[in-house]
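What follows is a single structure, written as structure tokens, with notes after it.
By convention in this document, chain letters (A, B, ...) are assigned in the order of the sequence lines, proteins followed by strands, and residues within each chain are numbered from 1.
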Amino acid sequence: MPEGHVLHRAARLQGKRFTGHVVNVASPQGRFRGGAERLNGQQLDDIEAKGKHLFYRFDSGDELHIHLGLFGKFRVQKLPFPEPSPNCRVLMDTETDRLHLAGPNQCEVLEPWEAEAVRNRLGPDPIQNRPDGYEDFLERLSRRSITIGKAIMVQDVISGIGNIYRSELLFQIGLSPWTRAKDVHPETVKQLWEQSVLELKAGEKIGKIITTNPSEFGVEKRKDLGRWDRLYVYKRHGRPCRRCETEILAADCDGRNAWWCPSCQPD
DNA sequence: GTGTCATGCGTAT
DNA sequence: TACGCCTGACACG
């Protein structure tokens with residue numbers, strides 16, 4: 001169940017094992033017909049993540065486009081390979097390593113221009129953190145007459161943020177999810193962008209979403225935080241705010257729950 | 001065993 | 001706003 005940090009981490013870790021190798025590609029589940037055969041025997045040149053999307057570039061120019069959706073899961077395996085699960089959509093093998101993918105929302109082979117179109121549609125990615133990232137975000141945001149809580153989940157506005165980061169980032173910068181996107185001051189938008197860069201990069205590094213500060217809990221490292229001490233507001237409705245003790249609220253925001261502190265994040 | 005929920009997203013109404 | 005799609009973990013009987 002991935003937000004952007006998971007895909008960047010996957011690209012980085014899989015890259016170490018698979019790029020530069022000629023790979024065997026198969027689909028035990030059989031729902032990647034035409035794709036597996038087309039990629040089989042090609043060399044994998046590069047893996048790129050943007051937002052929640054992954055692009056595997058092969059030497060013919062073909063790009064394997066994967067979006068995990070809510071359920072998709074990668075497993076990287078080493079010899080001796082275990083039996084693939086029946087719902088395995090893609091198996092990609094080198095001589096020594098195997099990538100096992102199950103349950104993706106999207107899994108398709110694209111021409112380079114098609115893959116480029118997917119990437120161009122997406123808003124700036126905080127983990128890529130390109131120089132024009134903030135301006136691009138601000139510009140895409142200012143066109144939306146929706147709340148900021150909705151807007152940062154729209155992948156065309158900013159890519160990679162999911163439901164956990166939405167609530168956590170807005171709490172961290174003290175912005176109510178119910179503020180209209182157009183009304184957010186550019187300085188606050190900048191803060192939101194910079195906080196996104198910080199948190200998503202941290203998430204990519206450790207492979208977990210942890211937004212709280214360990215020192216607030218009397219421990220040194222994030223990994224020493226208890227399971228329930230890692231987030232400020234996500235799924236903490238009815239519990240006291242970690243900063244001010246006010247009761248955390250939850251409400252549907254664009255079809256999914258958002259959590260916020262009404263005192264730290266006033267409307 | 002069955003039911004519910006989840007870090008997502010596209011399409012129809 | 002509702003539903004379909006993809007799967008696994010967990011709570012409950």
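Backbone-only engagement by A/Lys235 is indicated by non-hydrogen atom pairs under 4.0 Å involving sugar-phosphate atoms exclusively.
Residues A/His237 and A/Asn257 bring no donor and acceptor atom of their side chains to less than 3.5 Å of each other.
When atom types are taken as modelled, the side chain of A/Glu139 and the backbone of A/Tyr134 share no donor-acceptor pair closer than 3.5 angstrom.
Each of A/Gln106 and A/Val6 was matched to the nucleotide of DNA chain B holding its nearest heavy atom; the match closer to the 5' end belongs to A/Val6. Each of A/Phe71 and A/His53 was assigned the nucleotide of DNA chain B with the nearest heavy atom; the assignment lying further toward the 5' end belongs to A/Phe71.
When rounded to the nearest whole Å, the span between CG of A/Asp156 and P of B/dG10 equals 8 Å. Atom pair A/Glu3:CD and B/dT7:C1' shows a separation of 4 Å (rounding to whole Å applied). Following rounding to the nearest Å, A/Leu170 (CG) and B/dT7 (P) show an atom-to-atom distance of 15 Å. Remark: P of C/dC5 and CG of A/Asn105 are 12 Å apart, rounded to the nearest angstrom. Computed from coordinates, the A/Ile158 CD1 to B/dT7 P distance equals 19 Å when rounded to whole Å. Rounded to whole Å, atom C1' of B/dT7 lies 11 Å from atom NZ of A/Lys73. Between A/Ile210 atom CD1 and B/dT7 atom P the separation is 18 Å, expressed in whole Å. To the nearest angstrom, P of C/dC5 lies 21 Å from CZ of A/Phe32.
Residue A/His67 has a polar side-chain atom (N or O) positioned under 4.0 Å from OP1 or OP2 of B/dC9. Regarding contacts with the backbone of B/dG10, every side-chain N or O of A/Gln155 stays at 4.0 angstrom or more from both OP1 and OP2. Close to B/dT7, at under 4.0 Å from its OP1 or OP2, lies no side-chain N or O of A/Tyr165. One finds a side-chain N or O of A/Asn87 lying less than 4.0 angstrom from the OP1 or OP2 phosphate oxygen of C/dG8. Side-chain nitrogen and oxygen atoms of A/Arg31 include at least one within less than 4.0 Å of the OP1 or OP2 phosphate oxygen of C/dC6. For the OP1/OP2 pair of B/dT7 and a distance below 4.0 Å, the side-chain nitrogens and oxygens of A/Arg166 include no atom meeting the criterion. Listed pair A/Lys52 / B/dT7 fails the phosphate criterion, with no side-chain N or O lying under 4.0 Å from OP1 or OP2.
C/dT1 sits 23 Å from B/dT7 when the C1' atoms are compared, rounded to a whole Å. For the P atoms, the distance from C/dC5 to B/dT13 is 15 Å, rounded to whole Å. Rounded to whole Å, the separation between the P atoms of B/dG10 and C/dG8 comes to 23 Å. With P as the reference atom, B/dC5 and C/dA2 are 15 Å apart, rounded to whole Å.
Paired with A/Ile127 under the rule side chain to side chain contact (heavy atoms under 4.5 Å, CB included), one option of A/Glu199, A/His5, A/Lys50 passes, and it is A/His5.
Looking only at side-chain heavy atoms (C-beta outward), A/Gln43 and A/Val22 come within less than 4.5 Å of each other.
A salt bridge does not link A/Arg89 with A/Glu108: every distance from a Lys NZ or Arg NE/NH1/NH2 to an Asp or Glu carboxylate oxygen is 4.0 Å or more.
Using cut-offs of 30° and 60° on the angle between ring planes, the pair A/Phe55 and A/His65 is parallel.
Taking the side chain of A/Gln29 as heavy atoms from C-beta on, and the options C/dT7, B/dG10, B/dT7, the nearest nucleotide is C/dT7.
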